[in-house]
J.: 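Have a look at this one.
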Amino acid sequence: MRYRLKGALLKDDLVERIVTLSGQSLFACYQCGRCSAGCPVVDEMDMIPSEVIRRLQLGQVEEVLGTKTIWICASCLQCASRCPKGVEFSSICDALRQTVLRRRLSKPQVDSDEVTPVMVSEAPQLGVVGALRKLNG
Ligand code: SF4
Ligand code: SF4
């Protein structure tokens, strides 16, 4: 598919907010694909990490906000360790999830009332707290 780049798109407010929230240089990415190639959960994603970044570069934020990818990323930092430009994709996912949650585009996915004592005793406490924070903002 061919895209026509426009300066206004590249200065999209939402893209700038993602850059600010994530602290990452989105436009440093030159699409080498190493992040996607090394991601251990890429098969579960509906948009690979390098494509997420490319779409953000093109101002296509809404398409990215609706992906499963931003929730699937496990923040393992494997991609960051492979990126020749020092881009930390997990921080971009953090910023995208925050954007979704702040705009209330999705309902909280884990209700704290549903966390039962059995779940707390059998699941790692860190995992339960991490899921509540990640999925509910
Ligand atoms: S590894 Fe870095 S430069 Fe390469 S595609 Fe991924 S984010 Fe972009
Ligand atoms: S931080 Fe996320 S995108 Fe990067 S390798 Fe790990 S799971 Fe994949």
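Note that ligands are numbered from 1 as they come in the structure, with each ligand's atoms numbered from 1 the same way. Along the sequence shown, residues carry numbers from 1.
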J.: Can you pull out the closest protein heavy atom to atom 3 (S) of ligand 2? Residue, atom name and distance to 0.1 Å, please.
T.: F89 CD2, 3.4 Å

J.: Run the numbers for me: atoms of ligand 2, each under 4.0 Å from some heavy atom of Q78, listed by number.
T.: 5 (S)

J.: Note the single closest protein heavy atom to atom 6 (Fe) of ligand 2, along with its residue, its atom name and the distance in Å.
T.: C76 SG, 2.3 Å

J.: Report the residue from T69, V52, I53 that forms a side chain to side chain contact (heavy atoms under 4.5 Å, CB included) with V64.
T.: V52

J.: Go through ligand 2 atom by atom and flag the ones less than 4.0 Å from a non-hydrogen atom of V41.
T.: 7 (S)

J.: Find all atoms of ligand 2 within a distance of less than 4.0 Å from any non-hydrogen atom belonging to P40, and give their numbers and elements.
T.: 5 (S)

J.: Using a 4.0 Å heavy-atom threshold (strictly under), name the region of L77 that reaches ligand 2: side chain, backbone, both or neither.
T.: backbone

J.: Start with the C-alpha gap between E51 and T67, add the side-chain angles, then the distance that decides, and say whether side-chain contact (heavy atoms from CB on, under 4.5 Å) holds.
T.: CA-CA 11 Å; E51 182 179 348; T67 64; over 6 Å; no

J.: Check each heavy atom of S75 against ligand 2 and say whether those closer than 4.0 Å belong to the side chain, the backbone, both or neither.
T.: backbone

J.: What's the shortest distance from atom 7 (S) of ligand 2 to any protein heavy atom, and which residue and atom give it?
T.: A74 N, 3.3 Å

J.: Salt bridge (charged side-chain N to carboxylate O under 4.0 Å, His left out): which pairs involve residues 79-100, sequence neighbours left out?
T.: D94-R97

J.: May I ask you to test the S90-C73 pair for a side-chain heavy-atom distance under 4.5 Å?
T.: yes

J.: Verify the distance test for C73 against atom 8 (Fe) of ligand 2: any N/O/S atom under 2.8 Å, yes or no.
T.: no

J.: Could you work out, with side chain to side chain donor-acceptor pair (under 3.5 Å) as the rule, every residue matching S36, not counting sequence neighbours?
T.: S50

J.: I'd like to know whether ligand 2 has G38 as a neighbour, heavy-atom separation below 4.0 Å.
T.: no

J.: Can you tell me which residue and heavy atom of the protein come closest to atom 4 (Fe) of ligand 2, and the distance to 0.1 Å?
T.: C79 SG, 2.3 Å

J.: What residue and atom, counting heavy atoms only, is the protein's closest point to atom 8 (Fe) of ligand 2, and at what distance?
T.: C39 SG, 2.3 Å

J.: Enter the distance from R55:CZ to L65:CG here, rounded to the nearest 0.5 Å.
T.: 12.0 Å

J.: For residues 17-32, which residue pairs pass the side chain to side chain donor-acceptor pair (under 3.5 Å) check, not counting sequence neighbours?
T.: none

J.: Is there a side-chain contact between L56 and L96 in this structure, where contact means two heavy atoms from C-beta onward sitting under 4.5 Å apart?
T.: yes

J.: Mind running side-chain contact (heavy atoms from CB on, under 4.5 Å) on C35 and C83 for me, showing each step along the way?
T.: CA-CA 6 Å; C35 50; C83 177; 5.6 Å; no

J.: Got a second to check how far I18's CD1 is from S91's OG, nearest 0.5 Å?
T.: 12.0 Å

J.: Within a radius of less than 6.0 Å around CD of E63, do more than 12 heavy atoms belonging to other residues, nucleotides or ligands occur?
T.: yes

J.: Ignoring water, what protein N, O or S atoms are under 2.8 Å from atom 8 (Fe) of ligand 1?
T.: C29 SG

J.: Can you tell me how far apart CZ (R54) and CD1 (I48) are? Round to the nearest 0.5 Å.
T.: 12.5 Å

